[in-house]
K.L.:
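Below is a structure I'd like to ask you about.
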2 protein chains.
Amino acid sequence: MLRLSKLTDYATVILSFMARDNTHVHAAMEIAAITGIALPTVSKILKVLVNAKVLISTRGAKGGYALARAPEKITVAEVISALEGPIALTECSISLQGCEQAAGCEIRGNWSLINQTIHNALESVTLADMIRPVRSQAPAWEKEILIPVASLYR
Amino acid sequence: MLRLSKLTDYATVILSFMARDNTHVHAAMEIAAITGIALPTVSKILKVLVNAKVLISTRGAKGGYALARAPEKITVAEVISALEGPIALTECSISLQGCEQAAGCEIRGNWSLINQTIHNALESVTLADMIRPVRSQAPAWEKEILIPVASLYR
DNA sequence: ATTAAATAGTACTAGAATAGTCCTCAATTA
DNA sequence: TAATTGAGGACTATTCTAGTACTATTTAAT
Ligand code: FES
Ligand code: FES
């Protein structure tokens with residue numbers, strides 16, 4: 001299904017809330033209450049995001065979490081790879097170990113191109129974009145999207 | 001990790017072999033032998049691909065599998081969704097059931113844009129592209145990729 | 001100093017999804 | 001009719017994910 005994990009989905013919900021109210025730190029409990037996600041789960045996600053340098057934490061009473069950078073500087077790609085590891089469609093994109101085909105595999109390079117493309121797409125969207133309301137009926141949507149990988153071949 | 005399942009990876013390996021030798025039908029056993037994937041697994045994948053109308057099968061002695069269309073007409077997106085179901089990063093892209101946030105969720109629409117972008121990327125690559133050798137040092141690669149989603153906002 | 005509030009880190013459990021195998025039935029060819 | 005090959009489904013084992021719990025550490029307020 002090529003899907004993100006639930007935790008990643010939660011993370012974007014949490015982060016967009018934080019991006020909207022970026023004036024003070026938020027305690028894990030507060031975030032849990034507002035988003036409706038269970039506290040231990042919220043807590044887990046926040047810790048991961050701190051490690052990934054997406055958030056900054058302050059310990060102790062009155063402590064909490066805040067965005068490490070402006071929402072414009074935090075990309076969706078970062079968030080995803082924080083929670084799920086590197087963005088790599090196939091095993092071989094990460095390491096060639098474990099791929100029996102590796103030796104004579106012609107298609108590996110092509111996967112990595114596709115991978116790049118998706119990565120670029122995800123990197124071009126920031127938290128600031130995510131909290132913006134979607135334009136209804138994006139005009140000429142179909143035409144705005146350049147067919148990306150194929151152009152390298154044709 | 002935003003990764004494809006192993007079975008999908010196998011499927012592309014199998015299909016690219018079949019695309020390279022598209023002159024006659026291939027029995028499951030033959031494919032297993034050549035690709036090195038275990039027969040029952042190959043068999044399972046082939047059946048799924050037949051159901052998805054990517055392959056056509058012939059039963060009986062001298063039977064086997066063949067591409068349903070020319071390699072140029074089979075997209076990577078098709079193959080992926082055959083094996084993993086619809087391409088949808090988040091649950092909400094498929095059904096809104098099961099998403100607690102649905103009511104006041106601002107970010108849903110944005111995910112679906114991102115999703116579209118990825119889908120388009122995958123649809124633009126065909127089997128024929130996959131079996132072509134990668135151009136070494138794709139020229140001006142960085143510039144060829146249009147920043148896709150963000151352009152809708154900015 | 002003491003206490004309370006908050007995160008850090010890690011370990012664990014239960015459940016779900018994936019990968020892989022096997023068996024029986026149907027169709028085609030020789 | 002016998003041999004070959006796919007169709008379809010059931011089943012198992014393993015891995016991954018989601019969620020929870022517990023202890024230690026840090027800071028602020030009293
Ligand atoms: S290198 Fe892994 S499938 Fe080709
Ligand atoms: S609708 Fe599901 S996260 Fe917004």
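When reading the values below, keep in mind they use all heavy atoms of this one structure, side chains included, and skip hydrogens, waters and symmetry mates. Within every chain, numbering begins at 1; the chains are lettered A, B, ... in the order of the sequence lines, protein sequences first and strands thereafter.
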K.L.:
Verify the contact: side-chain N or O of Ser43(A) to OP1 or OP2 of dT7(C), cut-off strictly under 4.0 Å; return yes or no.
P.N.:
no
K.L.:
Please state whether the base of dG6(D) and the side chain of Lys47(B) form at least one donor-acceptor pair under 3.5 Å?
P.N.:
no
K.L.:
Rounded to the nearest angstrom, tell me the gap between atom CG in Leu39(B) and atom P in dT21(C).
P.N.:
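Answer to the nearest Å: 9 Å.
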K.L.:
Closest-nucleotide mapping onto DNA chain D: is His26(B) or Lys44(A) further toward the 5' terminus? I mean the 5' end.
P.N.:
His26(B)
K.L.:
Tell me which of Leu7(A) and Ala61(A) sits closer to the 5' end of DNA chain D, going by the nucleotide each one is nearest to.
P.N.:
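Comparing both residues, the 5'-ward one is Leu7(A).
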K.L.:
Output the rounded distance in Å from CG (Leu46(A)) to P (dT10(C)).
P.N.:
17 Å
K.L.:
Tell me, with the steps shown, if Asp21(A) and Thr23(A) meet side-chain hydrogen bond (donor to acceptor under 3.5 Å, both in side chains).
P.N.:
CA-CA 6 Å; Asp21(A) 185 359; Thr23(A) 56; 3.1 Å; yes
K.L.:
Are Ser57(A) and dA8(C) close enough that a side-chain N or O sits under 4.0 Å from OP1 or OP2?
P.N.:
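Yes, such a contact exists.
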K.L.:
Which residues satisfy the salt bridge (charged side-chain N to carboxylate O under 4.0 Å, His left out) test with Arg59(B), sequence neighbours excluded?
P.N.:
none
K.L.:
If we ignore angles and hydrogens, is there a donor and acceptor under 3.5 Å between the side chains of Glu84(A) and Thr8(A)?
P.N.:
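A pair is found: one side chain offers a donor N or O, the other an acceptor, under 3.5 Å apart.
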K.L.:
Of the listed nucleotides (dA7(D), dC16(D), dG19(D)), which one gets closest to any side-chain atom of Arg3(B)?
P.N.:
dC16(D)
K.L.:
Is there a side-chain contact between Val79(A) and Leu15(A) in this structure, where contact means two heavy atoms from C-beta onward sitting under 4.5 Å apart?
P.N.:
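With C-beta onward as the side chain, the pair touches.
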K.L.:
Would you say dT21(C) has OP1 or OP2 under 4.0 Å from some side-chain N or O of Thr41(B)?
P.N.:
yes
K.L.:
Can you see if the side chain of Tyr10(B) gets near the phosphate of dT18(C) - specifically, an N or O under 4.0 Å from OP1 or OP2?
P.N.:
no
K.L.:
Side chain of Lys62(B) only, please: which of dT7(C), dA30(C), dA18(D) is the nearest?
P.N.:
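The answer is dA30(C), which lies nearest to the side chain.
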K.L.:
Between the base of dT5(D) and the side chain of Arg59(B), is there a donor-acceptor distance below 3.5 Å?
P.N.:
no
K.L.:
Under 4.0 angstrom, heavy atoms only, what part of the nucleic acid is Thr58(A) near: base, sugar-phosphate, or nothing?
P.N.:
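Thr58(A): backbone/sugar contact only, no base atoms under 4.0 Å.
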K.L.:
Measure the distance from CG on Leu83(A) to P on dT17(D) and round it to the nearest whole Å.
P.N.:
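Distance check: Leu83(A) CG to dT17(D) P gives 11 Å.
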K.L.:
In whole angstroms, how far is the P atom of dT10(C) from the CG atom of Asn51(A)?
P.N.:
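For the pair Asn51(A) CG and dT10(C) P, the rounded distance is 9 Å.
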K.L.:
Are any of the side-chain heavy atoms of Met130(A) and Ile114(B) separated by less than 4.5 Å?
P.N.:
yes
K.L.:
Closest approach to the side chain of Lys6(B), judged atom by atom: which nucleotide of dA19(C), dT7(C), dA7(D) is it?
P.N.:
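Nearest to the side-chain atoms of Lys6(B), counting from C-beta on, is dA19(C).
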